[in-house]
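I have placed the structure first, in the form of structure tokens, so that the comments after it can refer back to it.
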2 protein chains.
Amino acid sequence: MPDSTTTSPAASPADAAAPRRGRGRPGYDQETVLRRAIDLFNRQGYDATSVTDLANELGLSKSAVYHHVSSKSDLLEQALDEALDSLDDALTAARTAPDASAYTRLRLAVTGSVQTLMDNLPAVTLLLRVRGNSELEEKALARRRAIDDALAQMVRDAVDEGALRADIPPELISRLLFGQVNSLTEWVRLDGRYDAARLAEAITAIAFDGLHA
Amino acid sequence: MPDSTTTSPAASPADAAAPRRGRGRPGYDQETVLRRAIDLFNRQGYDATSVTDLANELGLSKSAVYHHVSSKSDLLEQALDEALDSLDDALTAARTAPDASAYTRLRLAVTGSVQTLMDNLPAVTLLLRVRGNSELEEKALARRRAIDDALAQMVRDAVDEGALRADIPPELISRLLFGQVNSLTEWVRLDGRYDAARLAEAITAIAFDGLHA
DNA sequence: GTCTATATCCTGATAGAC
DNA sequence: GTCTATCAGGATATAGAC
């Protein structure tokens, strides 16, 4: 029953994944356990998901799960780090774009955020639902706030440059603009109906040019 | 320690609240317990909040809480019903606006949603975080889907009318537009910094006219 | 790598005294 | 209206056999 021979289709770029051995009992590798855990956390909520639930999902006993992972919160930590690292990367790329106006950098930040969100949808979805319920979650929220602050600064720069309307506070523009981006996690599916490029295009079109015909 | 003499500042319009008696042991009324519970659910997450947590928040024992409320899920149900009923009302008002174009009705739906969200912020916040983890939550999600479908239809009507751009699928417009509205629950505070009218104005300005200067 | 069995604690909920 | 005491079940996590 366990789909142990297929590696995760969207493996994290972090920690070069443990090589699949060609012999011996297949079992699970840590990466697969992590992917299944993240999916389950997103379906049921992290707190509502017990290690028993994860064991059932994997077709293992609870103790066998603890062979693969040191704790439930460790799975959460790996997922949140993956999401935050990839968002950091996207943001840094947008901020350091050469020969770009503040307006262009902001557009890059939006499209880059959408792309990152879609590339790491499960982990980012989990991140956006964290409520600061433990030390671990508090730290993740702090990193998220830093990212949000940097995005707000990019909006401010674009307003100062004269590219964006000045009748709405930049902080509010930033909240609403990236609220729209983040709301993707509430409904988007990786079934090919909408790809990242198409979504980024729609969001930038609506946000910058408006909905009017 | 319990702040039992002050009534909830934003009492629900539902079930005429139990009248505060002027004599006898003050204690809590059900409405206050509900408000404090919703706040706690929003801070920690519903599943992560135990009845013991709620008891501590109220300065009561766990059993005393059960004197006021029949179960933890009953508190959730009341909150979700409040949120869904108020959203239904706002939506119906927008849909049945007399002598209005589809475009005008859509704008009414947006401003009405923002107003409702701000008027019932804790309950609506809780609603938007429900993941379908029980029969109760599934039913709430079904009602939410019906509301989302109605909103999508309003967008479709406005596109058909020629008021909105037709190069983006109406379903996508609807998701992004109301994703922006719903993202308010992630950061907005009832501290008077932004009121509902101002937020609705900013959202409709950005969404319909765009961010360009 | 997976299992059974177990330890320890906390969960939602109830009974009954004051 | 609040309390202490208690219940049955489930939580995370560990020990040790195979």
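Chain letters run A, B, ... following the sequence lines, proteins first and then strands; every chain starts at 1.
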>> If we ignore hydrogens and angles and just use 3.5 Å, is the side chain of B:D195 paired with the main-chain N or O of B:R198 as donor and acceptor?
In response: yes
> How would nucleotides 11-18 of chain C be written as a contact map, 5' to 3', with B for base contact, S for sugar-phosphate-only contact and - for no contact, using protein heavy atoms under 4.0 Å?
Replying inline: SBBBB---
> Rounding to a whole Å, what distance do you find between A:N56:CG and D:dT12:P?
Replying inline: 12 Å
Ignoring hydrogens and angles, write down the donor-acceptor pairs under 3.5 Å from the side chains of residues 151-159 of chain A, residues two or more places apart or on other chains.
residue : atom : partner : partner atom : Å
A:Q153  : OE1  : A:R156  : NH1          : 2.5
A:Q153  : NE2  : A:D157  : OD1          : 3.0
A:R156  : NE   : A:E171  : OE2          : 3.3

>> Distance check needed: C:dT2 P versus A:L60 CG, whole Å only.
In response: 5 Å
> Between B:H67 and D:dT2, is there a side-chain N or O to OP1/OP2 distance below 4.0 Å?
Replying inline: no
> Any side-chain heavy atom of A:D148 within less than 4.5 Å of one from A:R143?
Replying inline: no
> Can any side-chain N or O of A:D53 pair as donor or acceptor with the backbone N or O of A:T49 at less than 3.5 Å?
Replying inline: no
> Could you give the CD-to-P distance, from B:Q44 to C:dC10, as a whole number of Å?
Replying inline: 15 Å
>> Could you check whether any side-chain heavy atom of B:K62 comes within less than 4.5 Å of a side-chain heavy atom of B:N56, counting everything from C-beta outward?
In response: no
> Is the cationic atom of B:R129 (NZ for Lys, CZ for Arg) positioned less than 6.0 Å from the six-membered ring centroid of B:Y46 and within 45 degrees of its normal?
Replying inline: no
>> In this structure, how many angstroms lie between the C1' atom of D:dT2 and the CG atom of B:L54, rounded?
In response: 15 Å
>> Taking 4.0 Å as the cut-off, does a side-chain nitrogen or oxygen of B:S61 come that near to OP1 or OP2 on D:dT2?
In response: no
